[in-house]
Amino acid sequence: MITTALSEAFGQYTLKPHQIVPLDFHSVDTLPETHVWPPPPGPELVNTAAGDGQLVFPVPVIDFSVPEDSSGKLMVEACETWGVFQLVNHGIPLEILAAVEAQTKRLFALPASRKLEALRSPNGVNGYGQARFASLFDKNMWNEGFTVMGSPADHARKLWPDDYQGFCDVIEDYQKRMRELAARLLGLILRSANTPAQEIRRISSPSATMTTLQLNSYPPCPDPTRAMGMAPHTDTSFLTLLYQGGVKGLQIFSDRGGGGGGGGWGMVDPVDGGITVNVGDLLHVVSNARFHTARHRVVLREARQRVSVGLFFVPTADCVLSPLACGGGGGEGEVCRYRAVSVKEYIGLKYKGFETVLSAITK
Ligand SMILES: C=C1C[C@]23C[C@@]1(O)CC[C@H]2[C@@]12CCC[C@@](C)(C(=O)O1)[C@H]2[C@@H]3C(=O)O
Ligand SMILES: O=C(O)CCC(=O)C(=O)O
Ligand SMILES: [Fe+2]
């Protein structure tokens, strides 16, 4: 099955239990040494974390109720510059966003012992645990997550043996609507960037793509300036559609920020009812680096819990991707920046060399 292949790709490396099990956040009232992050070197010093990260980046807010010709053009511009935009009037009813947020809070409010019943297996993808890339760092992040690839039922049953259906209904409905939205956005962005129709169909058709849902919680933190909500990373997706709830915390790194010329971090403050859309590595690759894969992180700025829900729109594991502009699509004669790579190989390379994966496929 398609979803099995992608989860195998993500589960190529078997994790140790301590790399999966999150802290029982209710059990501590000071920040444990295991969760203290040193200030990062270089340009990342700019706007490091809570308190001093006042810069807010003016990423475009795009209204999806206007004709697609103009919204598509704005999306292309946003993908070329920030790699991020926020979408309003996207057609997902606000009650559905509220229901997903409520179910997410209900899940993370469970006692640690109950959440551990639904722990992700050492080489699995689904279930409760630290963010997958936690194993790459010496320090732990101040978050816990729940991943859904396919049906959430098996893990939800372990969380609420007698009462899991409500969770599944909300999550499945959300996943379906967001998948449709993600596919529409990707089609529109590629079309607006003059990608030939057959190329768009080949890489984004229902049989060539799938989704993973990631529920994140950042519990109230006793020492937010020394902790890390989520470490800097880019997403392994075509597009990620993120519902940020109402609490700020997401930052992106941009060479347009920071003042000193080296770039810097700035907030992407959520607009009411909006969905934050970011370009992932795989759209960056097929666009031949025209679209910017957004490096982002989460800082802890407020004393209250923050939740977010990410929908990763991804090609299936056996899809072979290469810059479309070099294969007869888009700009003829363009220099091809990346070699062809299957999604499975890309994921393997990324989790071996998180920061260097794009150079590993650079021609
Ligand atoms: C489809 C996926 C992308 C992701 C790994 C996953 O299987 C599900 C969770 C995603 C996430 C969310 C937090 C950051 C990240 C790097 C991680 O560790 O898990 C991303 C993964 C990714 O984009 O590679
Ligand atoms: O919580 C957020 O705002 C971002 C989460 C994120 O980057 C992710 O799940 O990949
Ligand atoms: Fe992310």
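For ligands, and for the atoms within them, numbers begin at 1 and follow the listed sequence.
Put simply, no part of Gly310 is less than 4.0 Å from ligand 2, judged by heavy atoms. At least one heavy atom of Arg306 sits less than 4.0 Å from an atom of ligand 2.
Remark: Lys350 is positioned above the aromatic ring of Phe354, its terminal NZ or CZ atom under 6.0 angstrom from the ring centre and at most 45 degrees off the axis. Seen from the ring of Trp160, Arg106 counts as a face-on cation partner, given the 6.0 Å and 45° thresholds.
Protein heavy atom in closest approach to atom 6 (C) of ligand 2: Met230 SD, 3.5 Å. At the shortest separation from atom 9 (C) of ligand 1 among protein heavy atoms lies Gln214 OE1, 3.5 Å. For atom 10 (C) of ligand 1, the closest heavy atom belonging to the protein is Phe312 CZ, 3.7 Å. In this structure, the protein non-hydrogen atom closest to atom 2 (C) of ligand 1 is Phe10 CZ, 3.5 Å. Thr236 N, 2.7 Å is the protein heavy atom nearest to atom 23 (O) of ligand 1. What sits closest to atom 9 (O) of ligand 2 on the protein, heavy atoms only, is Asn216 ND2, 3.0 Å. For atom 21 (C) of ligand 1, the closest non-hydrogen atom on the protein side is Tyr351 OH, 3.3 Å.
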Are Lys139 and His35 close enough, and set up right, to give a side-chain contact (heavy atoms from CB on, under 4.5 Å), and what steps lead you there?
CA-CA 6 Å; Lys139 296 293 183 168; His35 287 69; over 6 Å; no
Step by step, work out the side-chain contact (heavy atoms from CB on, under 4.5 Å) result for Gln244 and Arg306.
CA-CA 8 Å; Gln244 293 198 54; Arg306 174 173 189 272; 2.8 Å; yes
Evaluate salt bridge (charged side-chain N to carboxylate O under 4.0 Å, His left out) for Lys176 paired with Glu180, printing each intermediate quantity in order.
CA-CA 6 Å; Lys176 186 169 165 287; Glu180 282 164 14; 3.7 Å; yes
Decide yes or no on side-chain contact (heavy atoms from CB on, under 4.5 Å) for Ser70 and Lys73, but give the supporting numbers first.
CA-CA 5 Å; Ser70 59; Lys73 198 163 161 282; 5.6 Å; no
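The backbone N or O of Val268 lies less than 3.5 Å from no partner atom in the side chain of Lys248, so there is not a single donor-acceptor pair.
For Tyr243, no heavy-atom contact with ligand 2 is shorter than 4.0 Å. For Asp235, every heavy-atom contact with ligand 2 shorter than 4.0 Å involves the side chain, none the backbone. In Thr276, neither the side chain nor the backbone holds a heavy atom less than 4.0 Å from any atom of ligand 2.
Annotation: His292 is not in aromatic contact with His284 [ring centroid separation under 6.0 Å not met]. Taking the six-membered ring for Trp and the full ring otherwise, His296 and Phe253 have centroids separated by 6.0 Å or more. Annotation: Tyr218 is not in aromatic contact with Trp142 [ring centroid separation under 6.0 Å not met]. Centroid-to-centroid, the aromatic rings of Phe137 and Trp37 come within less than 6.0 Å.
Counting the atoms of ligand 2 from 1 in the order shown, those under 4.0 Å from a heavy atom of Ser308 are 1 (O), 2 (C). Taking every non-hydrogen atom of Thr147 and a distance limit under 4.0 Å, the qualifying atoms of ligand 1 come out as 8 (C). Annotation for ligand 2: atoms under 4.0 Å from non-hydrogen atoms of Val298 are 1 (O), 2 (C), 3 (O), 4 (C). The contact set between ligand 2 and Leu242, taken as ligand atoms under 4.0 Å from a residue heavy atom, comprises 2 (C), 3 (O), 4 (C). Atoms of ligand 2 lying under 4.0 Å from at least one heavy atom of His296, given by number and element, are 7 (O). Counting the atoms of ligand 1 from 1 in the order shown, those under 4.0 Å from a heavy atom of Asp235 are 23 (O).
Some N or O of Arg132 is nearer than 3.5 Å to an N or O of ligand 1, by distance alone. Some N or O of Tyr218 is nearer than 3.5 Å to an N or O of ligand 2, by distance alone. By the 3.5 Å distance cut-off applied to N or O atoms, Phe133 is counted among the residues near ligand 1.
Sorting the N, O or S atoms of Asp235 by how far they are from the Fe ion (ligand 3) puts OD1 first.
One finds an angle of 90° at the Fe ion (ligand 3) between NE2 on His233 and NE2 on His296, to the nearest 10 degrees.
Tested against Leu324, the residues Thr195, Ile200, Val285, Asn288 include a single side-chain contact (heavy atoms from CB on, under 4.5 Å) partner, Thr195. Each of Ile92, Leu87, Thr211, Ile275 was scored for a side-chain contact (heavy atoms from CB on, under 4.5 Å) with Leu241, with one residue passing: Ile275.
The aromatic rings of His155 and Phe146 sit perpendicular to each other, their planes meeting at more than 60°, with 30° as the lower class boundary.
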